[in-house]
Amino acid sequence: MSQTASQPSTDPAAEGTPPHRYTPALAQRIELAWQDRWAAEGTCHTPNPTGRLSAGFDRVADRPKFFVMDMFPYPSGAGLHVGHPLGYLGTDVTSRFRRMDGDNVLHPMGYDAFGLPAEQYAVQTGQHPRVTTEANIAAIRAQLRRLGVDHDDRRSFATIDPGYYKWTQWIFLQVFGSWFDEEAGRARPIAELVAELDAGTREPAPGSNPAGRPWAELDDVERRRVVDAHRLAYLHEAPVNWCPGLGTVLSNEEVTPDGRSERGNFPVFRRPLTQWMMRITAYADRLLADLDRLDWSDSLKLMQRNWIGRSTGARLRFSCGAESIEVFTTRPDTLFGATYVVIAPEHPLVDALTADAWPEGTDPRWTGGATTPAVAVADYQRQASRRSELDRQNEAREKTGVWLGVTAVNPVNGRELPVFIADYVLTGYGTGAIMAVPGEDTRDFEFAEVFGLPVVRTVQPPEGFEGGAWTGAGAMINSANDEVSLDGLAKAEAIERITAWLVARGHGEATTTYKLRDWLFSRQRYWGEPFPIVYDEHDLPVAVPDRMLPVLLPEVDDYSPKTFADDDADSAPEPPLSRATEWTTVEMDLGDGPRTYRRETNTMPNWAGSCWYYLRYLDPGDDERMVDPELERYWLGPRGEGDVGGVDLYVGGVEHAVLHLLYARFWHKVLFDLGYVSSEEPFRRLVNQGYISAYAYTDARGFYVPAAEVEERDGRFFHGGAEVNREYGKIGKSLKNMVTPDEMIGAYGADTFRVYEMSTGPLEQSRPWETKAVVGSQRLLQRIWRVVVDEETGAVRADDAAEPDEGTLRALHRAIAGVRDGMSTLRFNIAIARITELTNHLTQAYGDGRRVPRSVAEPLVLVLAPLAPHIAEELWSRLGHGESLAWAPFPVADERWLVEDTVQVAVQLNGKVRAQVDVAADADAAGLEEAARADEKVAGLLAGRTVRRVIAVPGRLVNFVVG
RNA sequence: GCCCCCGUAGCCCAACCGGCAGAGGCAGGCCCCUUAAAAGGGUCCGAGUGUGGGUUCGAACCCCACCGGGGGCACCA
């Protein structure tokens, strides 16, 4: 980051500029001085109701609380540009406004610092990640300070601080120490599960007891396995994206559609590995339902709904020899149209079902060219495993698969259906098996075409439908047996009837499935939180006791992951921590004497630290508790019956719509269930700030030229005399259109930069960056400055004696009301427009040397303060106030000056405006009509015509409907 | 392919519950200040709301279709 921001640029004011004009140089001096003073006086410190940070709470005890925060930055080492501060400034204006307006405002900032980008940056620069990360944090912190944001610096921390990640580990242990009680619909401590199993009031959940014997007959190790299988954090073997070239597994988001790593472009392979998982799927219903209780944008809620992907349907069983294939379908109504069955290549029944030999006359398309089904299946499975999940989903075109050589029986009509494996059926969704209905499902139709399978229509397509799958509505056809008929029914009734029949006959049941999968929580990386887990002599996980937290990330000689040849698919990850041999083996006394344990060497994903940081702001220094319950109740607790509680305003980029926000909600609900927090949701209200893009320019060869050097003439653009082409896109080095906050602060000062960014639109809106337009904000601040300060002498111009005239009072109070409206709805552009109007009024009304009354100048300064705090503080101080205005009351508009005595209303004929009449502001409909009819012009227009109807809207218009 | 959001002056954006389309800024014109200049001051200039229908006394706003832009999901059974 450049240093220009902290050093006043040379005064561009040559001779001719008044000595006390608000120039960039003066702005710089004012800003640095006030930033020092705010820091020295703790102006922006927020008192807690209790505990370490409670000094000064008396002064705010009767105020409502308001907790506003940003998604904290990730200091990756890439340079910041003018788009980054937008959200930070939006929360800062809100914070300053609400504090002045009487709230106890909490506005903190921290740093998200574990994770792959920081690690990769460190590897590239040859520095330890802690060194580069801390340097990047220091740079961002300095930049935020230079912007004048009012974060309470006592509450700042980074996720890499041991005092913070101690509690990240502690939360992991709470999740590990819990299970989800389906009947209660919430998490409970694991000890309660054990007690119920011991008492015989509960049976192990299906699939959790591989030994198969009753709990009472299990030995200790078997019992631990049963319990471990119930935990919300559990070990699970799952296929993951293994990237030998990077030596680590990658999340799906880190793998490109063609199956390579986002970083480095190395091949990625799917490989089963034992991983820590978090049982987020247990919360799918609550995560979905509680969206309705949040004040978030519809689009964001929709993204979460899509991600959770709830669908209702039926699970039904097709018998296949001695086995039974369970399929999931959302369309049980189309069961009569099922002509084959498909199971995922990795389905556990594949081996058991595969026939020994192809029957005589098997269609060659079904065999994959193999001599026996077993060979075909093995080949196909190998082929499928080579592709990453994303690859497999994206290929999407030609359907592939092989026949297992067996058939299953359609329970509704006894029809024999061939059973295939095909990779268009996914292991992780539903039951990993489907009934294929080519008549009503596009994918099934495509497969049926390739494999020559029959199509039976069970929904009547509209007339003229040409073929293919008909997925729309229509009456049921071809759907009857001796006991049940769906023919003629619509979809919903058909589903209801067939489901009832299937349930009655024991063939299936109604069910709900989710797209959401459990959260893969392990990373084979160095730069993350170590798991507070050790393994005993049975290789079973054991929690590290709370008193031994944090489990510190050990120093290692080589923190980079071990890498392999790009295409070495059979290599296995080697976590950097596993090389810290004196760390991985540990002797501990966990209650039955000192024993040797092996530490978990995976680390947590970088989402872990951001899952709960909002709780830590309440008191980051608390070493006794994750969060004091009293503080949590005060800052985050529900505001009333049915309220979910949470942060009052959370601002951040829409790119975190699903992962971070879903994970944080999940953890919060676990903590709620376990009684550690009183709020049900972490973020009551969430706003996504818009993006700032910028123009970029290409020359005749198509190369980008530096945008800062391009000149506009008559709507055309030139660089060094040659015409260039204008494009629009992301700000960055590659488009050569980078503009940094430091440059802007250097050229104009932080206040001008703040006002410009806030003036370009509502916070949610994306907007273009236009450096040349910044001057408008500069001019506004200069005019305001001139209202208070004489540019020639530096003397205060405000007039103590003068009384404002009525027009000025109206302008003032209209401005106050408008600014309040803009600030409380995050439409800072409107607030700035109202301030501009007032300023323009004052410069006109008090031109030629007359002085603005103090009673107008002071509220002008106050309403400006949240947007441009430094210049406002300076003017406030020059107006004779010793105290910072950060705590001064925000002006309140006097209704008296907002209402007009008379208003001009439009007179319409058939909706077209024909005249204007003045009426008393409080005139009712009858009065309006009377006044309108009395108007000469209107009377003329109405003469000789029949008035059929009169619509009069008080204060707005009269509309005569004439025949 | 499915779903969501958005189209208002040359540009960025306002417009309350459906009630006279314009607040503010940029750009542009003119004037003033200035030896000169401008990141100074003043003043002027602006569209009928993407297109086509519909509902309504009245539509930027509600409904339908289309066009354009942005975003999300994408073999999820």
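Note that this is a predicted model, so its numbers are computed, not measured. Chain letters run A, B, ... following the sequence lines, proteins first and then strands; every chain starts at 1.
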In whole angstrom, give me the gap between the P atoms of G71(B) and C13(B). 15 Å

Any residue meeting side-chain contact (heavy atoms from CB on, under 4.5 Å) with E837(A), in chain and number order, not counting sequence neighbours: R834(A)

Ignoring backbone atoms, test whether Q778(A) places a side-chain nitrogen or oxygen under 4.0 Å from the OP1 or OP2 oxygen of G25(B). no

How close or far is atom P of U56(B) from atom CZ of R948(A), stated in whole angstroms? 15 Å

Take atom CH2 of W307(A) and atom P of G72(B), then tell me their distance rounded to the nearest Å. 12 Å

Give, ordered by number, those residues of residues 816-830 of chain A having at least one heavy-atom distance below 4.0 Å to an atom of RNA chain B; if nothing qualifies, reply none. R827(A), N829(A), I830(A)

I need the CD-P distance between E757(A) and C26(B), as an integer number of Å. 17 Å

Say you pick atom P in C17(B) and the same atom in G7(B); how far apart are they, in whole Å? 16 Å

Got a salt bridge between R317(A) and E509(A), using NZ or NE/NH1/NH2 to carboxylate O under 4.0 Å? yes

Determine: side-chain N/O of S777(A) to OP1/OP2 of G25(B), distance under 4.0 Å, yes or no. no

Sequence neighbours left out, what passes side chain to side chain donor-acceptor pair (under 3.5 Å) with R310(A)? Give chain and number order. D285(A), Y514(A)

Hey, does V775(A) reach any base, or is it just sugar-phosphate, or nothing, if we go heavy atoms under 4.0 Å? sugar-phosphate

Checking all strands, does T513(A) fall into the base, sugar-phosphate, or nothing category for heavy-atom contacts under 4.0 angstrom? nothing

With T442(A), which residues qualify under side chain to side chain donor-acceptor pair (under 3.5 Å), at least two apart? none

Nearest listed nucleotide, side chain of T843(A), among C20(B), A77(B), G42(B): G42(B)

Is any side-chain N or O of Q765(A) closer than 4.0 Å to OP1 or OP2 of C13(B)? yes

Taking a pair to mean Watson-Crick or G-U wobble geometry with both distances below 3.5 Å, A65(B) pairs with U51(B)

Let me know, please, whether D441(A) or E791(A) comes out on the 5' side of the other along RNA chain B by nearest nucleotide. E791(A)

Just how far, in rounded Å, is P of C57(B) from CD1 of I951(A)? 7 Å

Pairwise C1' distance, C33(B) and A38(B) [rounded to whole Å]: 11 Å

Gap in Å between the two C1' atoms, one belonging to A59(B) and one to U8(B), rounded: 14 Å

For H841(A), enumerate each residue passing the ring pair (Phe, Tyr, Trp, His ring centres under 6.0 Å) test, keeping only those at least two apart in sequence or located in another chain. none

Would you mind classifying the nucleic acid contact of D444(A) as base, sugar-phosphate or nothing, using non-hydrogen atoms under 4.0 angstrom? nothing

What's the closest nucleotide to the side chain of R779(A) if the choices are G19(B), C75(B), A39(B)? A39(B)

For Q782(A), which contact category applies under a 4.0 Å heavy-atom criterion: base, sugar-phosphate, or nothing? sugar-phosphate

Can you tell me which residue among R797(A), R21(A), R783(A) is in a salt bridge (charged side-chain N to carboxylate O under 4.0 Å, His left out) with E791(A)? R21(A)

Among all residues two or more places apart in sequence or in another chain, which pass the side-chain contact (heavy atoms from CB on, under 4.5 Å) test with E929(A)? R933(A), V950(A), F960(A)

Assign each of N959(A) and T836(A) to its nearest nucleotide of RNA chain B by heavy atoms, then name whichever residue's nucleotide is nearer the 5' end. T836(A)

Whole-Å distance, Q844(A) CD to G42(B) C1', equals 9 Å

Nearest-angstrom distance, C1' atom, C63(B) to G70(B): 24 Å

Of the nucleotides C57(B), G25(B), C73(B), which one has an atom closest to the side chain of R949(A)? C57(B)

Nearest-Å distance once atom C1' is located in both U49(B) and G18(B): 15 Å

Contact class for R786(A) vs. all strands (heavy atom < 4.0 Å): base, sugar-phosphate, or nothing? sugar-phosphate

For residues S311(A) and Y429(A), report the shortest heavy-atom separation together with the two atoms involved. OG-OH, 2.6 Å

Here the distance between atom P of A77(B) and atom CG of D423(A), to the nearest Å, is 17 Å

Applying the Watson-Crick and G-U wobble criteria at under 3.5 Å, what pairs with C26(B)? Answer none if nothing qualifies. G10(B)

When you look at Y748(A) and T771(A), which way does the side-chain hydrogen bond (donor to acceptor under 3.5 Å, both in side chains) test go after all the steps? CA-CA 11 Å; Y748(A) 295 101; T771(A) 297; over 6 Å; no

For A9(B) versus G46(B), give the span between their C1' atoms, rounded off to a whole number of Å. 6 Å

Syn or anti for G48(B)? Use the chi torsion, O4'-C1'-N9-C4 for purines and O4'-C1'-N1-C2 for pyrimidines, with syn inside 90° of 0. syn

Could you write out each protein N or O paired with an N or O of nucleotides 3-7 of chain B at a distance under 3.5 Å?
none

Separation of atom CD in E770(A) from atom P in C11(B), rounded to whole Å: 11 Å

Side chain to side chain donor-acceptor pair (under 3.5 Å) with H656(A): which residues, sequence neighbours excluded? none

Paired with C73(B): which nucleotide, if any, by Watson-Crick or G-U wobble criteria at under 3.5 Å for both distances? G1(B)

Indicate yes or no: at least one non-hydrogen side-chain atom of W519(A) is less than 4.5 angstrom from one of L662(A). no

When the distance from OH of Y429(A) to P of A74(B) is rounded to whole Å, what number comes out? 13 Å

Candidate nucleotides G19(B), C26(B), C20(B), ranked by approach to the side chain of A906(A) - the nearest: C20(B)

Please give me the minimum heavy-atom distance between L502(A) and L335(A), naming the atom from each residue. CD2-CD2, 3.9 Å

Heavy atoms under 4.0 Å, any strand shown: does R834(A) hit a base, just sugar-phosphate, or nothing? base

Using atom P in both nucleotides, what's the gap between C6(B) and C75(B) to the nearest angstrom? 28 Å

Determine the contact category for S766(A): base if any of its heavy atoms lies under 4.0 Å from a base atom, sugar-phosphate if only primed atoms, P, OP1 or OP2 are that close, otherwise nothing. sugar-phosphate

Where the chi angle of C17(B) falls, syn if within 90° of 0 and anti if not: syn

Could you please name the option among G19(B), C12(B), C13(B) that lies closest to any side-chain atom of P762(A)? C13(B)

Got a sec, which residues hit side-chain contact (heavy atoms from CB on, under 4.5 Å) with V654(A), two or more places apart in sequence or on another chain? L300(A), M303(A), A657(A), N688(A), Y691(A)

